[in-house]
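A short write-up of the structure that comes next.
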There are 2 protein chains.
Amino acid sequence: MGRQMTEMLKGTLEGIVLALLTGKPAYGYEITTLLRDRGFADIAEGTVYALLVRTEQKGLVDVEKRPSEKGPPRKVYTLNTQGDEYLKEFWTTWSFLAERLEQLRDEGN
Amino acid sequence: MGRQMTEMLKGTLEGIVLALLTGKPAYGYEITTLLRDRGFADIAEGTVYALLVRTEQKGLVDVEKRPSEKGPPRKVYTLNTQGDEYLKEFWTTWSFLAERLEQLRDEGN
DNA sequence: TCGTCTACTTAGCGTTACTATGTACTGGTA
DNA sequence: TACCAGTACATAGTAACGCTAAGTAGACGA
């Protein structure tokens, strides 16, 4: 992973994961594959699990343990009301930043 | 400053500052005011100075000391060739991220 | 003299993503 | 049976970055 991308993901990866959870609950391993499918090929598993633990501690997601046919039990994460609220703030913050950056890039010639 | 914004600025603030330097050299204090004018009202001075030190150590900018009429001498930063290269990479990285996020937001309903 | 504006510096902190490694279960195959 | 790949989660240690807070220092007006 490039250094720039690593730093840029700080703060955004959380939003990305929460956005992936809107409407459809998912478990950690599943989320890492979803991320890979979306082009985030180099995000380490450990990163995702640590992030999920944090979001749970912040009370943004509800967790349910379900047996798997293929391995250890899955921890299924569901976005709750607080998480939805938090995600809205995320989009607001991101929009602000994206607008300023777009403007800067346009000026760049 | 919101926690989300603080985290999101990691990685992007550097690009923002380098972008501000394209074409027109500037000194630290000036850059903080430029940032404020652009809506980044809450970015601490210390943050900017530390960032400038880092960019200098990475060899992305050239520095020149010039006397000021109103206080201590200014350290004027100019984007050099390496910095320009780095900024290009920044835009590439950011575009990638912005596209994925835009897509995610669109799906969000 | 005091406060304000200009201008830069730095030590310590919290948060985050990455690296690396480990545990544990299932199923296929040699 | 032994081994390996795939599934699924966990965690200790590290690097990088932005923030807080405090400081130094010069110019200038009240």
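Within every chain, numbering begins at 1; the chains are lettered A, B, ... in the order of the sequence lines, protein sequences first and strands thereafter.
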I'd like a list of close polar pairs between nucleotides 11-14 of chain C and the protein, N/O only, cut-off under 3.5 Å.
residue: C/dG14; atom: N2; partner: B/K10; partner atom: NZ; Å: 3.0

(message) Within the 4.0 Å heavy-atom criterion, would you say A/R54 contacts the bases, only the backbone, or no part of the nucleic acid?
(response)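 It contacts sugar-phosphate atoms only.
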(request) Have a look at B/T47 and say if it touches a base, only the backbone sugar-phosphate, or nothing, with a 4.0 Å heavy-atom cut-off. (result)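 Base: the residue B/T47, judged by heavy atoms under 4.0 Å, touches a nucleobase.
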(request) Using a strict cut-off of less than 4.0 Å between a Lys/Arg side-chain nitrogen and an Asp/Glu carboxylate oxygen, indicate whether B/R66 and B/E64 qualify as a salt bridge. (result)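 Salt bridge flag = yes for B/E64 with B/R66.
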(request) Salt-bridge test for B/K58 and B/E14: reply yes if a basic N is under 4.0 Å from a carboxylate O, no otherwise. (result)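 Yes, charged N to carboxylate O under 4.0 Å.
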(request) To the nearest 0.5 Å, tell me how far B/D106 CG sits from B/E102 CD. (result)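 Here the interatomic distance stands at 6.0 Å.
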(message) Tell me the closest heavy-atom pair linking B/V76 and B/P25, and the distance in Å.
(response)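 Heavy-atom minimum between the residues: CG1-CB, 3.8 Å.
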(request) Taking all heavy atoms of B/N80 and all of B/Q82, pick out the closest pair and write down the distance. (result)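 Minimum heavy-atom separation between B/N80 and B/Q82: OD1-N, 3.1 Å.
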(message) On DNA chain C, compare the nucleotides closest to A/T12 and A/P73; which residue's is nearer the 5' end?
(response)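 First, find each residue's nearest nucleotide; the 5'-ward one identifies A/T12.
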In whole Å, what is the span from the [atom1] atom of [X] to the [atom2] atom of [N]?
| X | N | atom1 | atom2 | value |
| --- | --- | --- | --- | --- |
| B/M8 | D/dA16 | CE | P | 23 Å |
| B/L18 | D/dC17 | CG | P | 12 Å |
| B/L97 | C/dA17 | CG | P | 11 Å |
| A/L52 | D/dC9 | CG | C1' | 10 Å |
| A/Y27 | D/dC9 | OH | P | 7 Å |
| B/Y49 | C/dT10 | OH | P | 12 Å |
| B/I16 | D/dC17 | CD1 | P | 14 Å |
| A/I31 | D/dA8 | CD1 | C1' | 12 Å |

(request) Assess whether side chain to side chain contact (heavy atoms under 4.5 Å, CB included) is satisfied between B/I16 and B/F40, documenting all intermediate values. (result) CA-CA 11 Å; B/I16 291 169; B/F40 300 104; 3.8 Å; yes
(request) Taking only the side-chain heavy atoms of A/K58 (C-beta and beyond), determine which of C/dT16, D/dA8, D/dG18 contains the nearest atom. (result)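 Of the candidates, C/dT16 comes closest.
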(message) Given D/dA8, D/dG18, C/dT9, identify the nucleotide with an atom nearest to the side chain of B/K75.
(response)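 Closest nucleotide to the B/K75 side chain: C/dT9.
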(message) Taking the axis from the first five pairs and the axis from the last five, what angle separates them in the helix from C/dT1-D/dA30 to C/dA30-D/dT1, rounded to 10 degrees?
(response)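 The helix from C/dT1-D/dA30 to C/dA30-D/dT1 shows an end-to-end axis angle of 20°.
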Short side-chain to backbone donor-acceptor contact, [X] and [Y], under 3.5 Å:
| X | Y | answer |
| --- | --- | --- |
| B/E7 | A/K10 | no |
| B/T47 | B/I43 | no |
| B/R36 | B/D42 | no |
| B/T12 | B/M8 | yes |

(request) May I ask you to evaluate whether A/Y29 reaches the phosphate of D/dC9, defined as a side-chain N or O under 4.0 Å from OP1 or OP2? (result)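 It does not, given that no N or O in the side chain of A/Y29 lies less than 4.0 Å from OP1 or OP2 of D/dC9.
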(message) In this structure, is the centre-to-centre distance between the rings of B/Y27 and B/Y49 below 6.0 Å?
(response)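 Aromatic pair excluded; centres sit 6.0 Å or further apart.
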Give every pair of a protein N or O atom and an N or O atom of nucleotides 24-30 of chain D that lie under 3.5 Å apart, one pair per line with the distance.
residue: D/dG26; atom: N2; partner: B/K70; partner atom: O; Å: 3.4

(message) Counting only heavy atoms not in A/R3 (residues, nucleotides, ligands), do more than 12 fall under 6.0 Å from its CZ?
(response)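 Open.
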